[in-house]
There are 2 protein chains.
Amino acid sequence: MRAVASELAVTPMAVYHYVDDKDHLLRLAYEDISSAWGPLRLTGRSWEDALREHLISIWEGLARYPGLGAYLIERPNINVTPEGLAAGIQFFEDAGFPPVEARLAWSYALTYIHGRISVDAHLGHRPEAPRLEGLRARDYVTFGVDAVIAGLQAIRTQHAPERAGAKT
Amino acid sequence: MRAVASELAVTPMAVYHYVDDKDHLLRLAYEDISSAWGPLRLTGRSWEDALREHLISIWEGLARYPGLGAYLIERPNINVTPEGLAAGIQFFEDAGFPPVEARLAWSYALTYIHGRISVDAHLGHRPEAPRLEGLRARDYVTFGVDAVIAGLQAIRTQHAPERAGAKT
DNA sequence: ACCTGAACACCGTTCAAGT
DNA sequence: ACCTGAACACCGTTCAAGT
């Protein structure tokens, strides 16, 4: 709050005229960037492609606000609105997951990407800044999102005996 | 610090006689519980079983110190010692991953489990406390760890053409 | 060695007041 | 409507001092 105020060359209390408290301010910041990606939806593309794009969008959006990702993981309620949660579960049900697995799958995907964002935020890395062995932050996310998708594919296959509708 | 002191019915400054600062105290707490799980090693068992046990151990250990997991994700340097990092990479190389993928795989597994711990910490959940639809915190981790492993299996298979040594 | 007391620099935030 | 000033309750921490 005080940092924001001094950035605006204003008294700390001036900020409170526009915003209820720190939480409110961060919620606004999140709402601003989260409008960049829509709700997760299965439109035409494979669920794998839709999920990949969605997760990468979240990561790219939050990577632009260093520290916000770290803050969000402390407030799981901000980014997981009831509608967002329902949309994610619906997405995985549409993709062929049973209801319980759909919820677990959505939680899994979000948990991973938020963990990644939080780690990146605290390591202070820009997406393309090189790290150990020349690996960039983006390489870690790309690998991670691929692994998330591959893992969910495997789990989905266990529950959906065959792509075509097998009776049992 | 002040909370610790009052818990011990002592002045805040008394704590500083035993500990350099807050960071030091938390590092000690982490060292205490991390001794419960050894370094990740491939001894006899399949890498899948070894990894599963390791990740679950981390989760169970940190779940007993609510808030510590949330704090650790802010300090990626505490829990990822050079030795721990090297051991993890070695583990995945032993499991048949190429060097770069081994590093990415290890980072991936740790990122997921820390994300999970952090979310659990902030939701204030005990491992067996029931959540939405009767799912317990443990169900989320079990699903997640299975998904992590399944994802890594798929990636490993891409790089290791067949279990038996194919020349190409 | 072990602990206290006063104080400092930093937060987020309330309350009353100014224009 | 927009902003300031003084103040409060809370941190982690330093410094000097007590036994």
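Here is the naming used below: chain letters follow the sequence lines, and residue numbers restart at 1 for every chain.
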**OP:** Kindly determine whether A/Tyr108 and B/Tyr112 satisfy ring-ring contact (aromatic ring centres under 6.0 Å, His included), including the steps that lead there.
**Re:** CA-CA 8 Å; A/Tyr108 173 62; B/Tyr112 167 71; 5.2 Å; yes
Original post:
Nearest to the side chain of A/His17 - D/dT14, D/dA1, C/dG12?
Top reply: D/dA1
**OP:** May I ask you to check whether B/Phe97 and B/Trp47 place their ring centres under 6.0 Å from each other?
**Re:** yes
Original post:
Which part of the nucleic acid does B/Tyr16 contact within heavy-atom distance under 4.0 Å: base, sugar-phosphate only, or nothing?
Top reply: base
**OP:** Spell out, as yes or no, whether a donor-acceptor pair under 3.5 Å connects the side chain of B/Asp49 to the backbone of B/Ser46.
**Re:** no
Original post:
Starting at the 5' end of DNA chain D, what dot-bracket string do you get if Watson-Crick and G-U pairs under 3.5 Å are bracketed, crossing pairs use [ ], other-strand pairs use | and unpaired bases use dots?
Top reply: ||.|||||...|||||.||
Subject >> Rounded interatomic separation in angstrom, taking CG from A/Leu25 and P from C/dG12 >> reply: 10 Å
Polar-atom pairs under 3.5 Å, protein N or O versus N or O of nucleotides 4-10 of chain D: list them with distances, or write none.
from: D/dT4; atom 1: OP2; to: A/Thr11; atom 2: N; distance (Å): 2.7

Original post:
Taking B/Thr111 for the side chain and B/Ser107 for the main chain, is one N or O donor matched with an acceptor at less than 3.5 Å?
Top reply: yes
Subject >> SB check A/Asp94 A/Arg41 (cutoff 4.0 Å) >> reply: no
Subject >> Audit row: B/Glu53, B/Arg45, salt bridge (charged side-chain N to carboxylate O under 4.0 Å, His left out) steps and yes/no >> reply: CA-CA 11 Å; B/Glu53 192 197 301; B/Arg45 306 159 298 174; 2.8 Å; yes
Original post:
Backbone N or O of B/Ala50 within a donor-acceptor pair of the B/His54 side chain at under 3.5 Å?
Top reply: no
Subject >> Rounded distance (Å) that lies between atom C1' of C/dC11 and atom CE of B/Met1 >> reply: 17 Å
Original post:
Can you check the B/Asp21 CG to D/dG12 P distance for me, whole Å?
Top reply: 11 Å
Original post:
Taking only N and O in the side chain of A/Tyr18, is any of them less than 4.0 Å away from OP1 or OP2 of D/dA1?
Top reply: no
Subject >> Polar side-chain atom of A/Thr142 near backbone of A/Arg138 as donor-acceptor pair, under 3.5 Å >> reply: yes
